[in-house]
Amino acid sequence: METETAIRWLTDDEQCTWRTHLEVNKLLMHQLEKDLQPFGLTNNDYEILVNLSESADQRMRMSDLAAATLQSKSRLSHQITRMENAGLVRRENCESDRRGLYAVLTDEGIATMKKVAPHHVASVRKHFIDLLTPEALADLRESLTPVAEHLRGRRGKL
């Protein structure tokens with residue numbers, strides 16, 4: 001059992017960096033969500049559309065889509081139901097595994113991606129990419145890569 005003296009508290013610089021990261025992440029996600037609202041989409045909707053649009057045959061097994069979007073299968077199922085009602089996706093049975101289901105991008109979903117993607121990219125540029133120099137972007141990517149790799153490796157252990 002850890003004692004109070006074993007805790008490695010954050011230094012002032014570490015605390016400032018951590019809190020800045022949290023604030024930027026929250027503010028950026030809020031802004032990107034706000035910029036998707038005129039299209040009737042949330043960040044989660046858009047992430048699902050992106051995953052499906054980039055997948056072979058524009059379809060993914062629901063379990064793989066849940067893992068890719070870091071959602072529980074139950075939460076994803078509710079999300080897909082909402083997106084089905086909007087005509088963006090449909091479910092299809094998996095021929096090789098009768099218990100499995102696919103989420104499939106519909107023609108409406110494809111049209112939505114073609115309409116929304118340029119606006120989303122412009123929003124990402126305006127609120128993130130264009131505020132940093134190419135060198136700062138490279139440094140940020142280099143700094144965050146070990147964290148991403150560490151957390152990806154922990155996904156199955158949680």
Side-chain angles (χ1 to χ4, degrees), residues 17-132 134 136-158:
T17 301
W18 173 243
R19 289 186 178 179
T20 299
H21 164 73
L22 290 177
E23 181 181 23
V24 165
N25 186 55
K26 287 178 185 178
L27 289 169
L28 182 58
M29 291 301 103
H30 176 78
Q31 184 63 54
L32 295 176
E33 181 103 18
K34 184 177 171 187
D35 291 347
L36 286 171
Q37 284 177 351
F39 302 99
L41 297 175
T42 65
N43 282 329
N44 286 338
D45 295 333
Y46 189 76
E47 182 181 19
I48 288 168
L49 293 175
V50 167
N51 273 276
L52 293 175
S53 71
E54 293 176 349
S55 295
D57 299 324
Q58 298 176 325
R59 68 178 49 226
M60 287 180 76
R61 287 183 69 107
M62 290 284 285
S63 56
D64 293 337
L65 187 55
T69 59
L70 298 176
Q71 294 188 55
S72 69
K73 290 177 187 176
S74 173
R75 180 164 170 24
L76 178 66
S77 181
H78 290 295
Q79 180 97 25
I80 292 296
T81 297
R82 286 192 299 277
M83 294 176 76
E84 273 183 307
N85 292 337
L88 301 171
V89 300
R90 69 177 180 273
R91 292 175 210 217
E92 289 183 0
N93 291 323
C94 178
E95 296 293 325
S96 63
D97 176 5
R98 294 183 191 255
R99 293 179 299 146
L101 285 174
Y102 285 104
V104 182
L105 199 58
T106 63
D107 290 343
E108 178 68 22
I110 294 167
T112 297
M113 277 300 295
K114 287 180 179 176
K115 180 174 70 175
V116 175
H119 296 277
H120 181 71
V121 169
S123 181
V124 169
R125 283 200 161 283
K126 178 180 180 180
H127 302 297
F128 183 70
I129 299 295
D130 291 346
L131 300 175
L132 300 170
L137 285 169
D139 289 346
L140 184 60
R141 183 176 54 252
E142 185 178 333
S143 296
L144 293 177
T145 295
V147 177
E149 289 172 353
H150 167 77
L151 293 172
R152 271 189 228 112
R154 302 228 5 112
R155 279 176 57 187
K157 299 174 185 170
L158 298 175

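Any value given below was found using the heavy atoms of this structure, including those in side chains, with hydrogens, waters and symmetry copies removed.
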TODO: Tell me, with the steps shown, if N93 and L101 meet side-chain contact (heavy atoms from CB on, under 4.5 Å).
DONE: CA-CA 5 Å; N93 291 323; L101 285 174; 3.2 Å; yes
| request: Mark yes when over 12 heavy atoms from residues, nucleotides or ligands other than H30 sit less than 6.0 Å from its NE2; otherwise mark no. | output: no
So NE2 of H21 and NZ of K26: to nearest 0.5 Å the spacing works out to 10.0 Å
Is there a side-chain contact between L41 and H120 in this structure, where contact means two heavy atoms from C-beta onward sitting under 4.5 Å apart?
no
Of all heavy-atom pairs linking M60 and S55, the shortest is CG-OG, 3.1 Å
The reported gap from CG in L52 to CE in M83 (rounded to nearest 0.5 angstrom) is 7.0 Å
In this structure, CZ of R75 is separated from CG of L70 (nearest 0.5 Å) by 11.0 Å
Correct closest heavy-atom pair for E108 and A86 would be CG-O, 4.4 Å
On a heavy-atom basis, the closest approach of P118 and M113 is CD-O, 4.3 Å
Any side-chain heavy-atom pair of V116 and L49 under 4.5 Å: no
Check the side chains of D35 and Q31 for a donor-acceptor pair under 3.5 angstrom, ignoring hydrogens and angles.
yes
All heavy atoms of T69 vs all of I48, minimum pair found to be CG2-CG1, 4.2 Å
Correct closest heavy-atom pair for E47 and A68 would be OE2-O, 3.9 Å
Worksheet item: Do L36 and D45 touch side chain to side chain, with heavy atoms closer than 4.5 Å?
Response: no
So with a 6.0 Å cut-off around CZ of R125, is the heavy-atom count from everything else above 12? no
| task | Using modelled atom types only, decide if a donor and an acceptor are shared between the side chain of T81 and the backbone of S77 within a distance under 3.5 Å. | result | yes
| query | Is there side-chain contact between R90 and Y102, with heavy atoms separated by less than 4.5 Å? | reply | no
Contacts of T106 meeting side-chain hydrogen bond (donor to acceptor under 3.5 Å, both in side chains) (sequence neighbours excluded), chain-then-number -> none
Counting N and O atoms only, with roles assigned by atom type, does the side chain of D139 sit under 3.5 Å from a partner on the main chain of A136, one being a donor and the other an acceptor? no
Under 3.5 Å: donor-acceptor pair, side chain of N43, backbone of M29 | yes
- Message: Take a 6.0 Å sphere around CG of D130 and say whether it holds more than 12 heavy atoms from other residues, nucleotides or ligands.
- Response: yes
d(T42 OG1, L32 CG) to nearest 0.5 Å is 12.0 Å
Distance col, row Q58:CD vs D107:CG, nearest 0.5 angstrom, shows 9.0 Å
Taken to the nearest 0.5 Å, the spacing of Q71 CD from N44 CG works out to 5.0 Å
query = Are L105 and L88 close enough that some pair of their side-chain heavy atoms sits under 4.5 Å apart?
reply = no
